[in-house]
Amino acid sequence: MTPLAKLLEAALFASGRPIPLDELASLEPEASRAELALALSELREHYDTEGHGVELAELAGGWQILTRPEYTETIERAQLAARPQRLSAAALETLAIIAYRQPIGRAEVEEIRGVSVGGMLKTLLERGLIDVVGRAEGIGRPLLYGTTQLFLEQFALRHLEELPRADELAVALRRSGPAAVAEPAS
Amino acid sequence: MTPLAKLLEAALFASGRPIPLDELASLEPEASRAELALALSELREHYDTEGHGVELAELAGGWQILTRPEYTETIERAQLAARPQRLSAAALETLAIIAYRQPIGRAEVEEIRGVSVGGMLKTLLERGLIDVVGRAEGIGRPLLYGTTQLFLEQFALRHLEELPRADELAVALRRSGPAAVAEPAS
Amino acid sequence: MSRNVRGAERAITSAAPDFAADGSFTVELDHFSGPLDLLLSLIREEQVEISDIPIARIAEQFLLRISSLALDEAADYLEMAARLLRIKAQMLLPRSGDGEDWEDPRAELVRRLLEYQQMREVVDLLEHLGEARRNRFARGYLPQEPVPPMAPLALSLPELLAAVDRVLRVAREPTMHDVVPRALDVDGAMETIRAVIALRVRVRWGDIIRREAEPWEVLSALLALLELARRGELKLAQARPFTDVEITRDAAGEAA
């Protein structure tokens, strides 16, 4: 591998979290962005073709070395590492709404989910997947929630824009109002 | 690399601690100790000869993959050179409350901000911008916080009295230019 | 997106062994993450269009289901049941006019169901992405690295002042309390205390508040005492900490 790729590997390896490109760039101020990108793809390819147990992933606005999924079961069975708990469907629903509508208040989330979400918000806050990002105007100035960097990391998203836009989803939301609703068959 | 060497790489990478040979053996019960030793030396050699930024080492607690020492200094320097961090709006608000109301306890800060500020206080303490300056009377004798010398230095203030009084704030804000006082996004 | 929306099937199959991480009572115990989820699943079972729900039939099914699943203590489900029955009643009303300006009572429900269904599609995606990431480990052990030095902070006074301004703005907003269990009656308590000290020059706390008084009464009496003391109508004294508070009629106040 080239010296730059080696340096990047060392730095990425030294971190448990994704490293943004900006920070990788400061490792070698002489290197251009193009050279940096080249070294990253060299590293990625090396992992892929030389039969490694790890791979290079781009997520949450940065780069991170992760193990390949085929070893996960074995590693967990040997009790050397454990996967984080899966989120419940209800937690995922709450998270999905917040990801798309942020900043959003609790009342709005409850309106969409049709259930109260107080406990769920607390869980998501504790897991660091959402955070208070502000307060709304109006009575009581309710708290507004948004997703965090850790959310991107745990769902391996490069950025929020990677989520499909509403009009790319299979279920199209019709314009509200009775006009858009089909008349009952008479 | 052989499948066993790949598995060992993934396990050593994912493990939360160095792994003794006995535990590595539990990854692949079929493999003999000799095969295990062979796979480890294969991994070590691969790192050494293929120009990697990491190396395989057997230290006190067991086997682990380490960043090559020649890179640690560069990595540390890069972290220092990394772009100066900005405090979040929420952290700034907490700091502002402490600057104006010191000595002040956590409960009072939370009362004003309406959210829990535990993590925020920790950040400000770590940054040396605030410090514990005493304890309040009353139940539990809560800690009281105040701003530090470093706080004055960071904001280029000679003393706290240089901060505008609350009723002078509008004037001071106007003087410091409209860009700096952009309304918080709401 | 090629992924199919299979809201109902999903709800029944994959939501089953849920970890309700917060331990609170959640109805997902029964595979549904809420009334909208249950409703969508019924619509699918009945193979009807969301935009044209046979409301009477669906309402009946909904009620049947929440009783058989023993969900009936869940307020969210009951609220939806009530809503369905209300829509059903509205549908039975004779239409005024000839359909042109008739507003379908189901319109709002349809909108919510579509919105919910769309969100479930995102949930499918997140589940897929989350599972893919969950199956990859990041480096677990970071041994030799010392605590990385922190990047320097970029701070400016205008930023701090702007923060002060934001805080003041919020602080000026009146705090809203939605729960007022019982209003305080400070005026009433003041009248009581005045009556008591008119009879006796020196009284004790126990003379002005009955033993089994409720918190609001205690608080009212306390505020009344402080207010009267402030107005100079009485004096408060405590010989030692934790001893009884002595309340005496203030001669000066009386003269005023």
Side-chain angles (χ1 to χ4, degrees), chain A residues 1-16 19-20 22-29 42-43 46-47 50-55 65-72 74-83 103 125 128 131-138 140-144, chain B residues 1-19 23-29 42-43 46-47 50-55 62 65-83 88-90 93 113-117 119-120 184-186:
Chain A
M1 288 200 286
T2 56
L4 185 56
K6 280 170 73 171
L7 174 59
L8 292 179
E9 182 186 39
L12 288 167
F13 207 91
S15 165
I19 307 182
D22 276 351
E23 258 175 68
L24 290 176
S26 65
L27 282 164
E28 183 50 275
E42 185 195 343
L43 185 59
H46 178 89
Y47 285 154
E50 296 294 315
H52 276 271
V54 296
E55 61 186 5
I65 301 177
L66 298 172
T67 61
R68 287 186 193 277
E70 55 261 42
Y71 302 110
T72 303
T74 312
I75 293 171
E76 210 172 42
R77 217 176 315 120
Q79 300 188 327
L80 296 172
R83 277 177 282 193
L125 280 167
D131 207 351
V132 174
V133 295
R135 275 170 180 275
E137 299 299 318
R141 299 188 48 100
L143 299 176
L144 295 175
Chain B
M1 289 201 286
T2 57
L4 186 55
K6 283 167 72 170
L7 172 59
L8 291 179
E9 182 185 43
L12 288 167
F13 180 82
S15 168
R17 56 203 157 80
I19 314 178
E23 284 184 60
L24 282 177
S26 72
L27 280 166
E28 183 48 277
E42 185 195 347
L43 186 58
H46 178 90
Y47 286 153
E50 297 292 317
H52 275 271
V54 296
E55 61 186 7
I65 305 173
L66 297 173
T67 308
R68 282 187 192 279
E70 60 259 43
Y71 293 114
T72 46
E73 207 184 312
T74 314
I75 293 169
E76 266 179 46
R77 213 178 325 116
Q79 275 165 340
L80 265 184
R83 214 170 267 184
S88 67
E93 286 175 23
R113 287 220 49 230
V115 292
S116 93
V117 297
M120 212 78 74
S186 51

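Residue numbers start from 1 in every chain, and the chains themselves are labelled A, B, ... in the order their sequence lines are given, proteins ahead of strands.
Contacts between E70(A) and chain B at a heavy-atom distance below 4.5 Å are absent for every atom of the residue. Looking at V132(A), the atoms closer than 4.5 Å to chain B (heavy atoms on both sides) all sit in the side chain, from C-beta outward. For a residue to count as touching a neighbouring chain, one of its non-hydrogen atoms must lie under 4.5 Å from one of that chain's; by this rule L27(B) touches chain A with backbone and side chain alike. For L8(A), no part lies near chain B; criterion is any non-hydrogen pair under 4.5 Å. If you measure heavy-atom distances from A11(A) to chain B, the contacts under 4.5 Å come from both the backbone and the side chain. For L143(A), the part sitting under 4.5 Å from any heavy atom of chain B is the side chain, from C-beta outward, and nothing else.
Residues E9(B) and T67(A) form no side-chain contact, since every pair of their non-hydrogen atoms from C-beta on lies 4.5 Å or further apart.
Nearest heavy-atom pair, V54(B) versus F13(A), reported as atom, atom and distance to 0.1 Å: CG1-CG, 3.4 Å. Across all their heavy atoms, S26(B) and A78(A) have their closest contact at OG-CB, 3.7 Å. Across all non-hydrogen atoms, the minimal contact from A14(B) to A81(A) is O-CB, 3.7 Å.
For Y71(B), there are no ring-ring contact (aromatic ring centres under 6.0 Å, His included) partners two or more places apart in sequence or in a different chain.
Atoms CG and CG, on L12(B) and L80(A) in that order, are 8.5 Å from each other to the nearest 0.5 Å. Distance check: I65(B) CD1 to I65(A) CD1 gives 9.5 Å after rounding to the nearest 0.5 Å.
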### Message
Under the criterion side-chain contact (heavy atoms from CB on, under 4.5 Å), I'd like the reasoning laid out for H52(B) against H52(A): C-alpha separation, chi angles, the key distance, then a yes or no.
### Response
CA-CA 12 Å; H52(B) 275 271; H52(A) 276 271; 3.6 Å; yes
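By number of non-hydrogen pairs under 4.5 angstrom with chain A, the leading residue of E28(B), E23(B), E50(B) is E50(B).
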